[in-house]
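These numbers come from a predicted model, not from an experiment.
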Amino acid sequence: MMQIYRDNREAVEGFLLTTISDNPQHDFDDVQVRNFFKRLPCLSDMYLIDEKGEQITPTWRRNTHDATLKGTDRTYFINRIQFNEKGNYVSSPYICANSGQPKVSVARKYEDGRIAVFDLDVVAVLGKMHLIESTRFISKLSVWVYGLLGGGLVLLAMFLGGYGLLGFVKALMSSGDETLQYVFKSIIGITLAIAIYDLSKTILEQEVFYRSLTLEEGSEYKTLTKFLTSIIIALSIESLMVVFKVAINDIRNMHFAFYLISGVGILIVSMAVLNYVSHKKQGHE
């Protein structure tokens, strides 16, 4: 998206300046503000600054306004911009600290020294100019789907955790071989619950709650490693339980336990290869 913006920067800036310059007045009332938002669907915020750098109006948004920002010192903004001969300025794209979305700011200086500032959504601007196809619906749909499925995994983790705790209670109330069996099932249930919960937490954090933030480099490898570790622990416990059962009941079925232990060994080797490849890749980058 940034590459598309850079390739079409002159056309985008011309579109923005032409649209904003259509209204030469700078004493904005409610009607003028509504007209601006109606004319520019990509406009997210707008406000006025006096020649000293103090915000003299509320920050208007599409359906509301924030009067608490009136009187805010904006001299830092004025000091870092350079207006062209017509008194206009267009910033480079940046990530908004409040929404986490890419924005671009347009400022226009009037004859009395007042400055009107317009903050616009870069994605909406490019979509308005038909430079990209807007995928807002798909993005919102993905958030809902990930949220629903991630929440389902949380419920599944809670169920497995409850099952594991119930098995521990049964182990305390039983005796003989049943005690060991309940203990193993309890450990397996709780271990799988931790693994599934950790996976669901990662999905919800990265795809729902903090979707707009930049992900840490290599975070997907860390998530997969943690999940595989939990699975390996659970399978190792299950393998140990199978060995005990076979040794007690029928030693001739020991090869089944061997197959299960071999599968766990393959998972361990695979995870080691994954860690080696991921660390090597990050080292080169």
Side-chain angles (χ1 to χ4, degrees), residues 1-2 4-6 8-132 134 136 139-140 209-214:
M1 185 184 63
M2 291 297 100
I4 294 175
Y5 184 92
R6 285 193 292 266
N8 300 273
R9 181 162 187 162
E10 184 176 350
V12 173
E13 291 182 355
F15 164 75
L16 295 177
L17 293 176
T18 300
T19 305
I20 291 174
S21 298
D22 286 344
N23 191 338
Q25 302 182 27
H26 59 280
D27 293 325
F28 299 114
D29 55 21
D30 291 338
V31 176
Q32 291 174 333
V33 170
R34 284 197 297 269
N35 288 336
F36 258 110
F37 280 103
K38 184 177 180 180
R39 189 184 311 123
L40 276 175
C42 45
L43 181 63
S44 60
D45 305 278
M46 59 179 294
Y47 52 88
L48 278 177
I49 304 175
D50 64 12
E51 63 277 6
K52 297 180 180 179
E54 180 180 342
Q55 183 172 331
I56 57 177
T57 65
T59 296
W60 291 294
R61 299 186 174 94
R62 185 157 299 276
N63 297 315
T64 184
H65 68 276
D66 189 350
T68 62
L69 295 177
K70 185 176 181 180
T72 303
D73 185 9
R74 302 282 185 178
T75 53
Y76 68 92
F77 178 76
I78 297 178
N79 292 334
R80 70 182 185 183
I81 64 177
Q82 292 183 349
F83 293 98
N84 60 18
E85 64 279 1
K86 296 182 179 180
N88 295 320
Y89 167 79
V90 182
S91 73
S92 299
Y94 60 91
I95 299 298
C96 178
N98 294 325
S99 65
Q101 299 296 327
K103 296 288 185 68
V104 61
S105 293
V106 179
R108 188 182 183 198
K109 189 173 184 179
Y110 296 96
E111 294 180 356
D112 60 359
R114 294 184 178 185
I115 300 172
V117 181
F118 308 86
D119 296 332
L120 304 106
D121 189 325
V122 173
V123 178
V125 170
L126 296 180
K128 177 71 174 179
M129 297 183 67
H130 303 288
L131 296 175
I132 62 172
S134 178
R136 291 292 179 87
S139 179
K140 291 181 180 179
F209 298 114
Y210 307 117
R211 181 179 178 87
S212 61
L213 300 181
T214 302

When you compare the side chain of [Y] with that of [X], does any pair of heavy atoms fall below 4.5 Å?
X	Y	value
Ser91	Lys103	no
Val117	Ile49	yes
Val90	Leu17	yes
Asp66	Trp60	no
Leu16	Val104	yes
Val125	Val12	yes
Ile95	Pro102	yes

Which atom names give the shortest non-hydrogen contact between [X] and [Y], and what distance separates them?
X	Y	value
Ala67	Pro58	CA-CB, 3.9 Å
Gly71	Glu54	CA-OE2, 3.7 Å
Asn88	Asn84	N-OD1, 2.8 Å
Lys70	Ile56	CE-O, 3.2 Å
Arg62	Pro41	NH2-O, 3.1 Å

**Prompt:** Does Arg114 come within less than 4.0 Å of Asp50, counting only side-chain N to carboxylate O?
**Reply:**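 Salt bridge absent between Arg114 and Asp50.
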
**Message:** Suppose we screen for ring-ring contact (aromatic ring centres under 6.0 Å, His included). Which residues come up paired with Tyr89, at least two apart in sequence or across chains?
**Reply:**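 With neighbours one apart ignored, the set is empty.
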
**Message:** Does the structure place the NZ or CZ of Arg61 under 6.0 Å from the centre of the six-membered ring of Phe37, at an angle of no more than 45° from the ring's axis?
**Reply:**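 So Arg61 doesn't make the cation-pi contact.
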
**Request:** Spell out, as yes or no, whether a donor-acceptor pair under 3.5 Å connects the side chain of Thr72 to the backbone of Leu69.
**Result:**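 A pair under 3.5 Å: yes.
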
**Item:** Thr57 (side chain) donor-acceptor with Tyr47 (main chain) under 3.5 angstrom
**Value:**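 Answer holds: no.
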
**Request:** Report the distance from atom OG1 of Thr75 to atom CZ of Arg80, rounding to the nearest 0.5 Å.
**Result:**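 These two atoms lie 11.0 Å from each other.
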
**Gap between atom OG of Ser105 and atom CG of Leu120 - 0.5 Å precision** =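 Reported value, rounded in 0.5 Å steps: 7.5 Å.
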
**Message:** Under the rule for side-chain hydrogen bond (donor to acceptor under 3.5 Å, both in side chains), what residues qualify as partners of Thr59, not counting sequence neighbours?
**Reply:**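 Thr59 satisfies side-chain hydrogen bond (donor to acceptor under 3.5 Å, both in side chains) with Gln55 only.
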
**Message:** For a quick check under 3.5 Å, do Asp121 and Ser44 share a side-chain donor-acceptor pair by atom type?
**Reply:**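 The criterion, which ignores hydrogens and geometry beyond distance, is not satisfied for Ser44 and Asp121.
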
